[in-house]
Amino acid sequence: MTTPELPRLKLPLGIQNLAKLRQQGCYYVDKTGLAIDLIEAGSAYFLSRPRRFGKSLLVDTLKELFEGNQALFTGLAAESRWDWSTRHPVIRIDLGAGEVRSRDELELRLHEIVDDHVRRLGLTLHNQSLSGRFGELIHAAAVQAGQRAVVLVDEYDKPILDNLADRETAAVMRDTLRSFYSVLKSADADLRFVLLTGVSKFSKVSLFSGLNQLQDITLDARWSALCGYTDEDIDTVFAPELFGLDRDEIRRWYNGYNWLGTGVYNPYDVLNLFQKRMFGAYWFETGTPSFLVKLLAERKVFLPRLQALHTNAALLSSFDVDRIAPEALLFQAGYLTIHDVRQPVLGKWMYTLGYPNREVEASLNDVLLPEYGVQGDAEAQERLTTILQRGALDELETLIRSLFASIPSDWYRSNPLAGFEGHYASVFYSHFAALGLDVRVEDATSHGRIDMAVLYAGRVFLFEFKVVERQATGEALKQIKDRGYADKYRARSEPIHLVGIEFGRVERNVVGFEVETVAAT
């Protein structure tokens, strides 16, 4: 059992520099063995991970390795595995700072980065074009050092992502960066190692058409834990921080990210939890783009479907400014992760995506509700949890009617979602999911799929939805009973509440609400 007497170190919150982290005596999850494995396995890589997942620290660690700064690796896996006698010139390109809004601003920023390396290395360049200067920089650095150069690009895609709401500008950023990065192929003879990291994986024909030497390790199980903390990391490295915190809750709130290998926690969330000693949506609140929220609404995404979204590899890698699939954006940005993978046909892989954890599911649904016409109401949400705790389903009917009645009529007239049949189920589901409850949609039984199950406060609630023209038909509750949906949950020995809800297409509200309770066995 964890005890409070274990020595506590400084939390590396916001520290992306290996030297600073090591010199200040911070907790450090040793990824240097994996980093060396990566270097030994190849020479040019691309890695996509969500924001605040440790990509910058990984890039900085690789920089310190190739520059031979041995003192920083004392006691780490790399200390005995790395050849410290050989040093390579490192060209690090960080596009994470600030925003650029035009081709001129981006080119100026890239010229400034090249100039910084020219001054640092004491070189002289003769070319004038941006791509020409970049290629010359790589060659001159390698010649001067007598060793091939290393290029590390952090947040390679940020200029594009910052402008996604303006597709014309985003396309300009993409084309400018494609020309710049294409130098890496022609400079291959002068390069020892290349790594590009970012949030989004753009389709090969749009950004990487000239970079076919890059190995995409985003979905390579060997490197799934290259960024992020594993369960073992939490239990060992951060053992002194666990006292007084519910270990299972830490797992439910922040674990669950998976890229076909070892699952990991979001480092930013975990470090904030250990510092503040209370659970919160720390990662989500640092910058969920309004563009994403509006895109989901525009595409009429059926929100309950996000719990178990089926897709293929082609769709996950089809992201581009001219063709933005919501599934790809949600996955790459970290709002969905891989829950299952299968190969129904040789060579064709199918993925099941879903929310990684409670933080993401609750927070994303909370910000999506206004797009579906429902304004945040903390009092109503608190009342909902109280109703569920008491099993007062007559009050639930009143609350749900009030919820839909609160949607302004002007919203229905002006919003394309109004005619969307899934709108009713989406609002209902998101209202529950935003509370962080255990909500399961299309939960499979031997007799079919339940529209929605909620497990809370020692009770089971099974919901079935129907959309009718005007009059209630009773079909929703009848389906729950006829198909024996409750059978799956009888072994829990908890009260099971069967709730059939019918929404009127004309009324735009609940027209049928039937309840039956199955006593605990």
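Atoms considered below: every heavy atom in the structure, side chains included; atoms not considered: hydrogens, waters and symmetry mates. For clarity, every value in this text was computed on a predicted model and none was experimentally measured. For the single chain, residues carry numbers from 1 onward in sequence order.
Crowding of E382 atom CD: a count of heavy atoms from other residues, nucleotides or ligands under 6.0 Å not exceeding 12. Environment of CD in Q24: crowded, with over 12 heavy atoms of neighbouring residues, nucleotides or ligands closer than 6.0 Å. The environment of CD in Q343 is crowded: more than 12 heavy-atom neighbours from other residues, nucleotides or ligands sit within 6.0 Å. Applying the 6.0 Å contact sphere to CD of E379 captures no more than 12 heavy atoms from other residues, nucleotides or ligands.
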Please step through side-chain contact (heavy atoms from CB on, under 4.5 Å) for the pair D340 and L353, ending with a clear verdict. CA-CA 7 Å; D340 183 50; L353 307 181; over 6 Å; no

Start with the C-alpha gap between C26 and I15, add the side-chain angles, then the distance that decides, and say whether side-chain contact (heavy atoms from CB on, under 4.5 Å) holds. CA-CA 9 Å; C26 298; I15 299 178; 3.8 Å; yes

Step-by-step side-chain contact (heavy atoms from CB on, under 4.5 Å) determination, Y156 to F46: CA-CA 10 Å; Y156 88 100; F46 167 76; 3.3 Å; yes

Could you check E395 against R390 for salt bridge (Lys or Arg N to Asp or Glu O under 4.0 Å), going step by step and ending with a plain yes or no? CA-CA 10 Å; E395 296 178 34; R390 293 189 289 110; 2.8 Å; yes

Any chance you could lay out the salt bridge (Lys or Arg N to Asp or Glu O under 4.0 Å) test for E397 and R401, step after step, and finish with the verdict? CA-CA 6 Å; E397 178 182 3; R401 288 183 183 276; 3.1 Å; yes

Start with the C-alpha gap between Y372 and I407, add the side-chain angles, then the distance that decides, and say whether side-chain contact (heavy atoms from CB on, under 4.5 Å) holds. CA-CA 8 Å; Y372 286 74; I407 301 176; over 6 Å; no

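The line from CZ of R299 to CG of L329 is 9.5 Å long, rounded to the nearest 0.5 Å. The distance from atom CZ of F513 to atom CD1 of I501, rounded to the nearest 0.5 Å, is 5.0 Å. Separating the CG atom in L435 from the CG atom in N365 is a distance of 10.0 Å, to the nearest 0.5 Å. Between the CD1 atom in I496 and the CZ atom in F461 there is a gap of 11.0 Å [rounded to 0.5 Å]. In this structure, OG1 in T311 is found 10.0 Å from CG in L336, a value given to the nearest 0.5 Å. Within the model, atoms CZ of F274 and CG of L11 stand 8.0 Å from one another, a figure rounded to the nearest 0.5 Å.
No hydrogens or angles considered: a donor-acceptor pair under 3.5 Å links the side chains of T352 and R342. Counting only N and O atoms by type, the side chains of E502 and Q471 include no donor and acceptor under 3.5 Å apart. Judged by distance alone, the side chains of R51 and T286 do bring a donor and an acceptor atom under 3.5 Å apart. No side-chain N or O of D451 forms a donor-acceptor pair with one of Y429 less than 3.5 Å apart. For the residue pair K466 and Q479, a side-chain donor N or O sits within less than 3.5 Å of a side-chain acceptor on the partner.
Between F238 and Y27, the ring planes lie tilted relative to each other; the angle falls in the 30° to 60° range. In this structure, F428 and F503 have perpendicular ring planes: the angle between them is above 60°, well past the 30° mark. F279 and Y254 have parallel rings, their planes meeting at less than 30° on a 0 to 90° scale where 60° marks the start of perpendicular.
By the 4.0 Å N-to-carboxylate-O rule, E469 lies close enough to R505 to be salt-bridged with it. Ion pairing between K201 and D216 holds under the 4.0 Å rule for side-chain N and carboxylate O. Checked for salt-bridge contact, R247 and D235 meet the test: a charged N lies under 4.0 Å from a carboxylate O. A salt bridge links D320 with R174: at least one charged nitrogen is closer than 4.0 Å to a carboxylate oxygen.
Shown are D154, D162, L161; of these, the side-chain contact (heavy atoms from CB on, under 4.5 Å) with K158 is made only by D162.
Judged by distance alone, the side chain of T61 and the main-chain N or O of L57 form a donor-acceptor pair under 3.5 Å. No donor-acceptor pair under 3.5 Å is formed between the side chain of R277 and the backbone N or O of L245. Between the side chain of N163 and the backbone N or O of P159, at least one donor-acceptor pair lies under 3.5 Å. Between the side chain of N357 and the backbone N or O of N255 there is at least one donor-acceptor pair closer than 3.5 Å. Side-chain N or O atoms of D157 include one that pairs as donor or acceptor with a backbone N or O of V199 at under 3.5 Å. Without hydrogens or angle criteria, D246 side chain to E249 main chain gives a donor-acceptor distance under 3.5 Å. Judged by distance alone, the side chain of D366 and the main-chain N or O of A362 form no donor-acceptor pair under 3.5 Å. Between the side chain of R358 and the backbone N or O of G436 there is at least one donor-acceptor pair closer than 3.5 Å. The backbone N or O of Y268 sits less than 3.5 Å from a side-chain atom of N272, completing a donor-acceptor pair. Between the T337 side chain and the P356 main chain, no donor and acceptor come within less than 3.5 Å of each other.
Using a 4.5 Å cut-off on side-chain heavy atoms (C-beta onward), R49 and K55 make contact. The shortest side-chain heavy-atom distance between R449 and V441 does not fall under the 4.5 Å cut-off. In this structure, H339 and N258 have side chains that are not in contact, with every pair of non-hydrogen atoms separated by 4.5 Å or more. Inter-residue side-chain proximity for I387 and L399 is flagged as met; some heavy-atom pair is nearer than 4.5 Å. Within the 4.5 Å cutoff, the side chain of W349 has no heavy atoms near those of the P344 side chain. I450 places a side-chain heavy atom less than 4.5 Å from the side chain of Y489. Looking at R492 and L455, their side chains come closer than 4.5 Å, going by heavy atoms from C-beta outward. With a 4.5 Å cut-off on side-chain heavy atoms, Y351 and F331 do not count as touching.
For W253 and Y265, the ring centers are positioned 6.0 Å apart or more. Note: Y257 and F53 meet the aromatic proximity criterion, with ring centroids under 6.0 Å apart.
Annotation for A405 and N509: closest pair N-ND2, 3.5 Å, computed over non-hydrogen atoms. In this structure, C227 and L47 approach most closely via the heavy-atom pair SG-CD2, 4.2 Å.
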